[in-house]
Amino acid sequence: MKKVLIAGATGYLGGYITKELMNNSYTVKALVRSLEKLEEKNIEVSEIFQGEITKSDSIKDCCKDIDIVISTVGITRQKDGLTYMDVDYQANMNLLEEAKKNAVKKFIYVSVLNGENLKNLKICEAKELFVEQLKKSGLDYCIVRPNGFFSDMTEFYEMAKKGRVYLLGDGKYQTNPIHGEDLAKLCVEAINDSKQEIEVGGPEILTHDEIAIKAFEALKIEAKITHIPNWMRISILKIARLFLKDKTYGPIEFFLTVMAMNMVAPEYGKHTLKEYFTKLKMSDKLNENDSIK
Ligand SMILES: NC(=O)c1ccc[n+]([C@@H]2O[C@H](COP(=O)([O-])OP(=O)(O)OC[C@H]3O[C@@H](n4cnc5c(N)ncnc54)[C@H](OP(=O)(O)O)[C@@H]3O)[C@@H](O)[C@H]2O)c1
């Protein structure tokens with residue numbers, strides 16, 4: 001069976017990919033910076049390579065005997081003081097150098113839907129610069145371009161819990177977010193798929209209004225939605241660009257941009273948002289009961 005190196009195993013998507021690989025009997029080596037986090041998240045692997053992917057010396061030979069590399073490494077909520085260029089670009093370049101040195105058979109990289117058209121955004125600029133280098137590397141590759149993850153839809157749920165959801169525009173923009181478990185299946189299938197680029201979203205295409213309503217329905221409370229006009233979004237972006245550092249501005253820039261456009265990708269998977277929001281509600285209830293005890 002092929003031996004796979006997964007970089008990003010301690011993250012949301014990487015955790016699901018690792019599980020999917022193990023369930024499919026691959027030999028899995030995880031490249032992680034924190035052994036504690038891997039343990040905490042109860043992620044089982046065949047082998048562990050501990051290293052800081054941002055520091056090339058520390059990941060030397062991580063790809064020895066590896067057939068396939070999968071990387072989901074990128075900044076989402078991390079607060080390490082690093083930029084997208086340091087992580088989404090340079091850290092993945094460090095891994096690509098190791099993959100080339102050890103002549104791995106394929107490198108699978110998770111970018112973002114429409115990244116190639118949104119290179120004006122800091123996050124996409126860094127990711128797509130890496131994509132260009134991967135394409136030129138001489139290795140077989142697959143670039144997975146997913147839509148937003150269910151983990152990000154938690155924001156809708158959290159706003160609904162406070163009684164009101166704020167949406168950019170008139171709420172009619174469409175999207176099909178995808179659950180990590182579904183996306184992990186596709187990433188593992190990509191090992192034996194000849195496609196070099198795959199765009200993917202979840203099975204339901206929904207407007208932002210419909211997503212908000214699903215969150216209110218799961219909470220069983222009346223839906224209250226406020227639509228923020230476009231001029232206000234542009235003003236917030238301009239002010240944020242003036243006053244915030246790149247590492248803080250980047251996620252805001254990405255969020256305020258993709259939430260003001262249609263983001264629809266070919267549909268894949270089975271998990272629904274109704275089921276996701278209902279699970280969030282159930283875990284809230286369990287936490288409440290625990291705090292009462
Ligand atoms: N969330 C979305 O809606 C979405 C949509 C499309 C594409 N994507 C992309 O998909 C990828 C995976 O997303 P995710 O939600 O699974 O992200 P995540 O949970 O934050 O996982 C990201 C992984 O990158 C690692 N990482 C980040 N900064 C690092 C650093 N300075 N040094 C070493 N490792 C570092 C993290 O390691 P630690 O666990 O040690 O922090 C983690 O393993 C990301 O590149 C993201 O941009 C996300």
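The figures here come from the full heavy-atom set of this structure, side chains too, leaving out hydrogens, waters and symmetry mates. Atoms within each ligand, like the ligands themselves, are counted from 1 in listed order. No experiment lies behind these values; they were computed from the predicted model shown.
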What are the atoms of ligand 1, with element, lying closer than 4.0 Å to any heavy atom of Gly148? 3 (O)
Do NZ/NE/NH1/NH2 and the carboxylate oxygens of Lys214 and Glu217 come within less than 4.0 Å? no
Within-cut-off N or O pair, Thr10 and ligand 1, under 3.5 Å: yes
Taking only non-hydrogen atoms of Leu13 and a 4.0 Å limit, the atoms of ligand 1 in range are 16 (O)
Short list, please: which atoms of ligand 1 are under 4.0 Å from a heavy atom of Val87? 28 (N), 29 (C), 31 (N)
If you take the centroid of each ring, where Trp contributes its six-membered ring, are Phe107 and Tyr141 closer together than 6.0 Å? no
Just which atoms of ligand 1 are under 4.0 Å from any heavy atom in Leu82? 31 (N)
In this structure, is the centre-to-centre distance between the rings of His179 and Tyr16 below 6.0 Å? yes
Between Asp140 and Lys105 (salt bridge meaning N to carboxylate O under 4.0 Å), is one present in this structure? no
Is Phe149 close to ligand 1, meaning an N/O of one under 3.5 Å from an N/O of the other? yes
Give the atoms of ligand 1, by number and element, whose distance to some non-hydrogen atom of Gly74 is under 4.0 Å. 22 (C), 24 (O), 27 (C), 45 (O)
Could you list which atoms of ligand 1 come closer than 4.0 Å to a heavy atom of Lys127? 44 (C), 45 (O), 46 (C), 47 (O)
Does a donor on one side chain sit under 3.5 Å from an acceptor on the other, for Tyr276 and Thr154? yes
Should the pair Glu197-Arg145 be classified as a salt bridge under the 4.0 Å nitrogen-to-oxygen rule? yes
Test your reading of the structure: does Ser151 have an N or O sitting under 3.5 Å from an N or O of ligand 1? no
Is there any N or O on Arg77 that sits under 3.5 Å from an N or O of ligand 1? no
Numbered in order shown, the ligand 1 atoms found under 4.0 Å of a heavy atom of Asn147 are 5 (C), 6 (C)
Under 4.0 Å to a heavy atom of Gly8 - the qualifying atoms of ligand 1, by number: 43 (O)
Measure centre to centre between the rings of Tyr84 and Tyr89, then say whether the value is under 6.0 Å. no
Are Ser111 and ligand 1 in contact, using a heavy-atom cut-off of under 4.0 Å? yes
